[in-house]
Engineer: 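Below: one structure in structure tokens.
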2 protein chains.
Amino acid sequence: MKGSPGNEIEGRKAYILATVVYEYIATAEPVGSATLTQKYNLGVSAATVRNELAELETEGYLVQPHTSAGRVPSDSGYRTYVDRLMQPEAMGVDERRRICDELRDASHELDEVIEQATKLLGRLSNNVAFITAPQRDSQLFRHIQLIWISSRSGVAIVVTSLGVAAQSLFETAYDVSADDFTHLSNALNARLANTPLRDISPSLVAQTVAELKLNDDLCAIVMRAFESARSSLQNDVASAGAQNLLDQPEFRDLRKLRSILRIVDEQRTLYDLVADAMTTEGPSVKIGRELALDDLDDLSLVTVPYRSGGGVGMLSILGPRRMPYGRLLALATGTADSLTQRLADINATD
Amino acid sequence: MKGSPGNEIEGRKAYILATVVYEYIATAEPVGSATLTQKYNLGVSAATVRNELAELETEGYLVQPHTSAGRVPSDSGYRTYVDRLMQPEAMGVDERRRICDELRDASHELDEVIEQATKLLGRLSNNVAFITAPQRDSQLFRHIQLIWISSRSGVAIVVTSLGVAAQSLFETAYDVSADDFTHLSNALNARLANTPLRDISPSLVAQTVAELKLNDDLCAIVMRAFESARSSLQNDVASAGAQNLLDQPEFRDLRKLRSILRIVDEQRTLYDLVADAMTTEGPSVKIGRELALDDLDDLSLVTVPYRSGGGVGMLSILGPRRMPYGRLLALATGTADSLTQRLADINATD
DNA sequence: GCTAGCACTCCGCGCGTAAGAGTGCTAGAA
DNA sequence: TTCTAGCACTCTTACGCGCGGAGTGCTAGC
């Protein structure tokens with residue numbers, strides 16, 4: 001099925017492929033030779049174009065929905081287009097500024113900024129947008145505070161380099177004084193501040209608790225607070241813009257629509273989708289089958305990393321395979337930059 | 001259009017109306033006289049039923065999609081069914097227990113419990129479920145803690161009777177010591193604990209700040225923390241189950257689907273929908289036009305209150321007007337009870 | 001007041017035809 | 001060799017048509 005790989009297409013044939021992809025992205029209609037010669041200045045006749053199209057098809061870049069229809073890009077057609085043929089785009093200054101402004105209006109809290117950015121990206125991209133929280137593997141512990149509520153209960157707050165993270169209510173089996181909490185908090189802060197969160201072990205905590213001659217139970221409570229800080233935003237995904245997909249002709253099929261809505265509802269799957277994009281540096285584009293989603297061959301995903309406090313999060317746009325890759329890459333990159341910037345501003349106070 | 005109001009239908013006619021609504025809810029097909037006599041034991045012939053149907057139509061309880069079709073309930077047909085005709089249902093003990101169990105597995109945090117309950121309700125109801133956070137008008141202030149991070153920044157945490165509420169990062173224009181924060185926190189806690197949050201005024205705070213001879217700026221910072229506690233979960237709505245609507249034949253129209261997906265995405269509208277249900281005690285059902293949603297005449301909404309720490313939140317199911325009202329009311333009520341219970345357990349530690 | 005019968009209406013479905021878009025192929029021109 | 005023009009062919013889509021079925025309202029009789 002697939003044409004000879006390594007046989008990179010060049011010149012006119014490449015231009016024709018690019019044009020087919022471009023036109024199909026714009027119109028969602030299979031592209032025929034006549035359309036190409038009329039709308040684009042190819043300098044050759046429709047018959048010549050037909051020959052090229054036939055070759056591109058045998059090489060696996062294009063497919064025909066049926067015998068007497070125009071051509072549609074295949075996964076590898078899109079892939080070639082994205083990797084080699086399309087013109088990179090950049091965001092306009094105005095648009096860039098608008099994004100910055102909108103993010104600046106949002107609250108100071110990490111998750112609210114992310115939510116705001118997600119909505120913005122969904123709106124601007126006209127597709128499904130989702131953003132995963134910064135990966136916290138590399139986050140540093142900054143501050144813990146045990147807050148006394150009653151003689152047998154309290155709240156533990158853990159602040160990390162990525163912002164305020166976790167709060168967890170707890171109960172104790174016996175009376176504890178507010179002073180105990182204060183002393184323990186101070187001791188932990190003195191000892192552990194700026195330690196990578198993953199390096200904080202039960203024994204370190206136990207040592208501190210023991211030195212203050214406090215009950216061992218507090219050890220478990222503190223560890224639970226660290227644990228919840230470590231995992232709190234893990235797998236947390238904000239998403240927006242699902243309704244945009246209804247405009248796309250490829251989703252007139254209700255089964256597809258159902259599949260994709262379920263995927264958006266299940267954060268787990270969204271998270272898995274970007275998981276391997278995390279291993280590579282810079283923007284990543286996944287096309288069709290590359291996403292390995294059952295029943296959803298005609299989706300694509302654009303993913304761009306952003307940074308916050310040493311952690312890396314992912315900002316993604318999910319849409320039909322027939323998406324304007326150039327524009328969306330520019331949009332995602334620009335938004336990721338703005339988001340990184342905004343989060344740096346917030347964290348600058350630490 | 002509307003039939004004579006006050007003229008309450010009784011006996012056989014009422015039974016026929018109930019049966020039409022019941023059957024239509026089950027099948028989504030207009031109901032004809034033949035279906036009624038065959039599937040339900042009415043004891044009269046189809047012709048007699050036709051006469052009754054014609055009357056029910058002139059009285060406004062039923063409508064005909066077209067001349068030679070069966071009948072479909074109108075808003076007021078559904079209304080009568082829900083208010084007077086349908087059999088109230090209750091949840092099975094098993095189902096009830098399963099809900100409790102699932103909620104117990106969730107985390108201890110208010111918002112995560114709510115999210116869990118929302119997903120559960122969406123799954124069990126096969127419709128869109130959404131839950132608004134408890135209204136915080138009546139919430140009591142419990143505890144504030146200003147946490148020192150650096151000499152010019154900190155975090156303020158406010159705990160209320162509804163659970164840990166708000167964290168807000170702040171910066172100061174000049175150096176502040178950790179002790180200042182501790183003293184101020186203690187003074188505020190001593191003075192204001194268990195005050196309704198809305199009664200806390202800037203002057204109360206200013207007084208406390210002044211007594212400790214601290215800088216006025218702290219006053220604004222503290223007030224901002226209170227403000228954010230007051231508004232943090234306001235308008236916050238968790239939703240789940242949008243993809244369930246795709247199964248309903250009334251949403252094969254893509255425009256409708258689009259409208260409703262947008263509504264689900266915009267928390268604001270969802271919040272408005274339940275706003276007046278908040279004024280009434282107990283469960284509330286809104287049918288079709290009563291929701292006053294443009295382009296969406298055939299939706300209904302079941303809303304049931306739940307309680308947490310003196311606040312009242314709303315648990316809602318949104319679906320096609322042709323929804324199984326009895327079952328969903330039972331389901332929503334049962335889930336609301338479980339949720340109230342669960343939140344009471346969590347808060348019992350205060 | 002109920003029932004049986006009947007003529008009527010309207011929707012939905014299947015079918016066949018026609019139009020249109022696009023192809024591949026072949027023969028000839030540059 | 002490479003391109004072009006022409007042509008026959010294929011396949012989809014849209015449209016019109018007729019038919020069957022479901023359900024009604026009405027009327028006459030029990």
Side-chain angles (χ1 to χ4, degrees), chain A residues 3 9-17 19-24 26-74 77 249-250 252-253, chain B residues 3 9-17 19-24 26-74 77 249-250 252-253:
Chain A
I9 58 175
E10 297 294 343
R12 189 178 65 192
K13 204 196 276 184
Y15 183 65
I16 288 179
L17 174 55
T19 312
V20 170
V21 178
Y22 183 85
E23 177 72 11
Y24 183 65
T27 64
E29 298 289 332
V31 184
S33 56
T35 316
L36 289 174
T37 47
Q38 279 159 31
K39 291 180 78 168
Y40 301 89
N41 190 16
L42 296 176
V44 291
S45 78
T48 309
V49 173
R50 275 203 288 282
N51 289 329
E52 301 272 34
L53 290 177
E55 285 186 45
L56 284 166
E57 185 173 355
T58 59
E59 290 166 25
Y61 297 109
L62 299 176
V63 290
Q64 257 182 317
H66 55 85
T67 334
S68 72
R71 260 79 174 196
V72 164
S74 68
E250 29 267 280
R252 270 179 304 182
D253 179 354
Chain B
I9 58 173
E10 296 293 346
R12 190 178 65 192
K13 204 196 275 185
Y15 183 64
I16 288 179
L17 174 56
T19 311
V20 170
V21 178
Y22 182 85
E23 177 72 11
Y24 183 66
T27 64
E29 298 290 330
V31 183
S33 54
T35 317
L36 288 175
T37 48
Q38 279 158 30
K39 290 181 78 169
Y40 301 89
N41 190 16
L42 296 176
V44 291
S45 79
T48 309
V49 173
R50 277 204 287 282
N51 289 329
E52 301 272 35
L53 289 177
E55 283 186 47
L56 284 166
E57 185 172 355
T58 59
E59 290 165 26
Y61 296 110
L62 298 176
V63 290
Q64 257 181 316
H66 55 84
T67 334
S68 72
R71 258 79 174 197
V72 164
S74 68
E250 29 268 281
R252 271 179 303 185
D253 179 357

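What you are looking at is a predicted structure, and each value in this text was computed from that prediction instead of being measured. Here is the naming used below: chain letters follow the sequence lines, and residue numbers restart at 1 for every chain.
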Engineer: What heavy-atom pair brings Val31(A) and Tyr24(A) nearest, and what distance separates the two atoms?
Structural biologist: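 Taking Val31(A) first and Tyr24(A) second, the nearest heavy atoms are CG2-N, 3.8 Å.
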
Engineer: Taking side chain to side chain donor-acceptor pair (under 3.5 Å) as the definition, give me every residue that meets it alongside Gln64(B), ordered by chain and number, with sequence neighbours left out.
Structural biologist: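 Residues passing side chain to side chain donor-acceptor pair (under 3.5 Å) with Gln64(B): none at all.
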
Engineer: Do you know which two heavy atoms are closest between Ile16(B) and Leu56(B), and how far apart they sit?
Structural biologist: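 Closest heavy-atom pair between Ile16(B) and Leu56(B): CG2-CD1, 4.1 Å.
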
Engineer: What pairs with Glu55(B) under side chain to side chain donor-acceptor pair (under 3.5 Å), at least two apart in sequence or on another chain?
Structural biologist: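 Counting only residues at least two positions away or on another chain, Glu55(B) forms a side chain to side chain donor-acceptor pair (under 3.5 Å) with Lys13(B).
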
Engineer: Partners of Thr48(B) by side chain to side chain donor-acceptor pair (under 3.5 Å), sequence neighbours excluded?
Structural biologist: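 If we apply the side chain to side chain donor-acceptor pair (under 3.5 Å) test to Thr48(B), skipping adjacent residues, the hits are Ser45(B).
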
Engineer: Five pairs per end, C1' atoms only: what is the angle between the end axes of the helix from dG1(C)-dC30(D) to dA30(C)-dT1(D), to 10 degrees?
Structural biologist: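 Axis angle across the helix from dG1(C)-dC30(D) to dA30(C)-dT1(D), nearest 10°: 20°.
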
Engineer: Taking any atom under 4.0 angstrom from a heavy atom of chain B, which nucleotides of DNA chain D are the first and last to qualify, 5' to 3'?
Structural biologist: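 Nucleotide range with atoms under 4.0 Å of chain B: dA22(D) to dG25(D).
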
Engineer: Tell me the closest heavy-atom pair linking Val72(B) and Pro65(B), and the distance in Å.
Structural biologist: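 So the minimum-distance heavy-atom pair works out to CG2-CG, 4.0 Å.
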
Engineer: List the residues meeting side chain to side chain contact (heavy atoms under 4.5 Å, CB included) with Gln38(A), not counting sequence neighbours, and say none if there are none.
Structural biologist: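 Only Ala34(A) meet the side chain to side chain contact (heavy atoms under 4.5 Å, CB included) criterion with Gln38(A).
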
Engineer: Which part of the nucleic acid does Ala69(A) contact within heavy-atom distance under 4.0 Å: base, sugar-phosphate only, or nothing?
Structural biologist: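 Result for Ala69(A) = sugar-phosphate.
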
Engineer: Restricting to non-hydrogen atoms, name the atom on Leu62(B) and the atom on Pro73(B) that form the minimum distance, rounded to 0.1 Å.
Structural biologist: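 Result for this residue pair: CD2-CA, 3.8 Å.
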
Engineer: Any side-chain N or O of Arg12(B) under 4.0 Å from OP1/OP2 of dG1(C)?
Structural biologist: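 Negative; the distance criterion is not met.
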
Engineer: How would you list, by chain and number, every residue that makes a side chain to side chain contact (heavy atoms under 4.5 Å, CB included) with Ser74(B), sequence neighbours excluded?
Structural biologist: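 Ser74(B) satisfies side chain to side chain contact (heavy atoms under 4.5 Å, CB included) with Val63(B), Ser76(B) once adjacent residues are dropped.
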
Engineer: Which atom pairs link the protein and nucleotides 10-15 of chain C when you take only N or O atoms and keep those under 3.5 Å?
Structural biologist:
from	atom 1	to	atom 2	distance (Å)
dC10(C)	O2	Ser68(B)	OG	3.1

Engineer: Give the rounded distance in Å between these two atoms: CD of Glu57(A) and C1' of dG22(C).
Structural biologist: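 It works out to 12 Å between those atoms.
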
Engineer: Quick one: list whatever passes salt bridge (charged side-chain N to carboxylate O under 4.0 Å, His left out) with Lys39(A), sequence neighbours left out.
Structural biologist: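 Residues passing salt bridge (charged side-chain N to carboxylate O under 4.0 Å, His left out) with Lys39(A): Glu23(A).
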
Engineer: When the nearest nucleotide of DNA chain C is assigned to Ala47(A) and to Thr35(A) on a heavy-atom basis, which residue is associated with the more 5' position?
Structural biologist: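 Closer to the 5' end of DNA chain C: Thr35(A).
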
Engineer: Would you mind reading off the distance between Arg50(B) atom CZ and dA4(C) atom P, rounded to a whole angstrom?
Structural biologist: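 That distance rounds to 11 Å.
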
Engineer: Taking side chain to side chain donor-acceptor pair (under 3.5 Å) as the definition, give me every residue that meets it alongside Glu52(B), ordered by chain and number, with sequence neighbours left out.
Structural biologist: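 Glu52(B) satisfies side chain to side chain donor-acceptor pair (under 3.5 Å) with Arg12(B) only.
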
